[in-house]
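Reading through the structure tokens given below for one structure.
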Number of protein chains: 2
Amino acid sequence: MSDALRALASVDRTIHEPARLMIVSLLFLVKEADFLWLLNQTELTKGNLSAHLAKLEQAAFLQVDKRFEGKIPRTSYRLTPLGKRELARYRAAMRTALG
Amino acid sequence: MSDALRALASVDRTIHEPARLMIVSLLFLVKEADFLWLLNQTELTKGNLSAHLAKLEQAAFLQVDKRFEGKIPRTSYRLTPLGKRELARYRAAMRTALG
DNA sequence: CAGACAGGTTTGCAATGCAGACTGGTCTGT
DNA sequence: ACAGACCAGTCTGCATTGCAAACCTGTCTG
């Protein structure tokens with residue numbers, strides 16, 4: 001089994017999913033974002049986005065920060081260090097795989 | 001929506017699946033292969049490999065060539081021109097997405 | 001007060017990936 | 001000749017997904 005194949009066999013499915021790869025890539029660039037912004041950028045449906053965020057949170061790849069600004073709930077999402085590491089690993093794996 | 005995101009949103013799920021990406025990558029390199037060889041290279045189970053090959057055939061990304069060599073059935077798999085093009089497109093998309 | 005919008009969660013459905021059991025045939029050893 | 005191993009797959013059943021639409025709570029606007 002070649003390196004390229006080994007790389008593919010070991011990719012993290014959580015990140016590999018295109019919708020989630022969009023999310024983590026965005027968060028990697030902007031550091032922090034809220035739900036609506038992610039919704040607009042990704043063009044996913046709300047339910048879908050919510051589900052993907054939940055999955056990423058469950059994998060501890062992102063951290064949800066809910067707080068109030070006055071009466072308005074302000075939720076922001078950002079990558080955890082683990083999330084950043086996994087994204088880097090994923091990128092490296094895919095680069096290896098794609099030659 | 002950035003180019004990177006657009007690229008991700010449009011990836012072909014048939015090829016994106018790691019197991020199938022292994023298969024098409026292998027076939028791209030070797031031009032032609034049989035079931036056992038693919039089985040050994042990918043380390044998938046037979047049922048799994050069979051299902052993925054069927055899906056790739058259904059998408060017209062690969063072509064199955066069954067013939068007899070004496071009494072022994074000799075099946076070989078190879079990419080179609082469409083399969084090669086789609087792999088190229090996928091690679092380009094992922095490179096764009098991963099920066 | 002009605003309606004729009006933010007910020008999600010819950011539900012239901014169809015498709016998928018996966019492994020293991022099964023089939024049908026050939027080859028090898030005794 | 002027969003048992004067992006191997007090749008080449010297919011079939012089946014299961015659990016997990018991804019997806020969209022419906023729903024919910026609360027705020028803000030006209």
Side-chain angles (χ1 to χ4, degrees), chain A residues 1 5 8-27 30 32-59 61-78 90 97, chain B residues 5 8-27 30 32-59 61-78 90:
Chain A
M1 206 181 189
L5 292 197
L8 279 175
S10 72
V11 296
D12 182 326
R13 296 302 245 259
T14 305
I15 287 192
H16 188 57
E17 164 61 31
R20 286 192 293 264
L21 187 49
M22 283 192 213
I23 296 171
V24 296
S25 297
L26 283 168
L27 288 178
V30 302
E32 184 168 1
D34 60 25
F35 192 88
L36 186 60
W37 188 82
L38 288 172
L39 193 63
N40 290 334
Q41 293 296 312
T42 59
E43 295 178 5
L44 297 169
T45 59
K46 289 194 287 186
N48 213 187
L49 175 57
S50 178
H52 287 307
L53 288 171
K55 195 142 288 186
L56 286 168
E57 186 184 5
Q58 200 182 340
F61 290 176
L62 65 78
Q63 185 185 353
V64 184
D65 190 17
K66 286 174 189 286
R67 66 186 184 289
F68 275 87
E69 257 169 37
K71 297 185 171 178
I72 303 170
R74 233 44 189 110
T75 308
S76 64
Y77 302 88
R78 58 169 67 212
Y90 177 78
Chain B
L5 292 197
L8 279 176
S10 71
V11 294
D12 182 326
R13 297 304 245 257
T14 306
I15 286 193
H16 189 58
E17 165 62 31
R20 286 193 292 263
L21 187 49
M22 283 193 214
I23 295 170
V24 295
S25 298
L26 283 168
L27 288 178
V30 302
E32 185 168 1
D34 61 25
F35 192 88
L36 186 59
W37 188 81
L38 289 172
L39 193 63
N40 290 334
Q41 293 296 311
T42 60
E43 294 179 5
L44 297 168
T45 59
K46 289 195 286 186
N48 214 186
L49 175 57
S50 178
H52 286 307
L53 288 172
K55 194 141 290 186
L56 287 169
E57 186 184 4
Q58 200 182 340
F61 289 176
L62 65 78
Q63 184 186 353
V64 185
D65 190 17
K66 287 175 188 286
R67 67 185 185 289
F68 276 87
E69 256 166 38
K71 296 185 173 179
I72 303 170
R74 232 49 189 105
T75 308
S76 65
Y77 302 89
R78 57 168 67 213
Y90 177 79

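Here is how names work: the chains are called A, B, and so on, in the same order as the sequence lines, proteins then strands, and each is numbered from 1.
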Kindly say if [X] contacts the phosphate of [N], meaning a side-chain N or O under 4.0 Å from OP1 or OP2.
X        : N       : answer
Arg20(B) : dG17(C) : yes
Arg13(A) : dC18(C) : yes
His52(A) : dC19(D) : yes
Lys46(B) : dC22(C) : no
Tyr77(B) : dA8(D)  : no
Thr75(B) : dG9(D)  : yes
Ser50(A) : dT9(C)  : yes
Asn48(A) : dA20(D) : yes

In whole Å, I'd like the distance from the [atom1] atom of [X] to the [atom2] atom of [N].
X        : N       : atom1 : atom2 : result
Leu49(B) : dT10(D) : CG    : P     : 10 Å
His16(A) : dG18(D) : NE2   : P     : 11 Å
Phe68(A) : dG7(C)  : CZ    : C1'   : 11 Å

For this session: State whether the side chain of Ser50(B) and the backbone N or O of Lys46(B) hold a donor-acceptor pair below 3.5 Å, judged by distance alone.
Result: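 Side chain of Ser50(B) to backbone of Lys46(B): no pair is present.
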Exercise. Okay, side chain of His52(B), backbone of Leu21(B): is any donor-acceptor separation there less than 3.5 Å?
Worked result: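 No.
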Problem set entry | Parallel, tilted or perpendicular, as decided by the 30° and 60° cut-offs, for the rings of Tyr77(B) and Phe35(B) |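 Plane angle between 30° and 60°, so tilted.
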Exercise. The side chain of Ala19(A) lies closest to which of these nucleotides: dC19(D), dT26(C), dG7(C)?
Worked result: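 Among dC19(D), dT26(C), dG7(C), the one nearest the side chain of Ala19(A) is dC19(D).
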Problem set entry | Thr42(A)/Asn48(A) under side-chain contact (heavy atoms from CB on, under 4.5 Å): CA gap, chis, key distance, verdict | CA-CA 10 Å; Thr42(A) 59; Asn48(A) 213 187; over 6 Å; no
For this session: Assign each of Lys66(A) and Ile72(B) to its nearest nucleotide of DNA chain C by heavy atoms, then name whichever residue's nucleotide is nearer the 5' end.
Result: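 On the 5' side of the pair lies Lys66(A).
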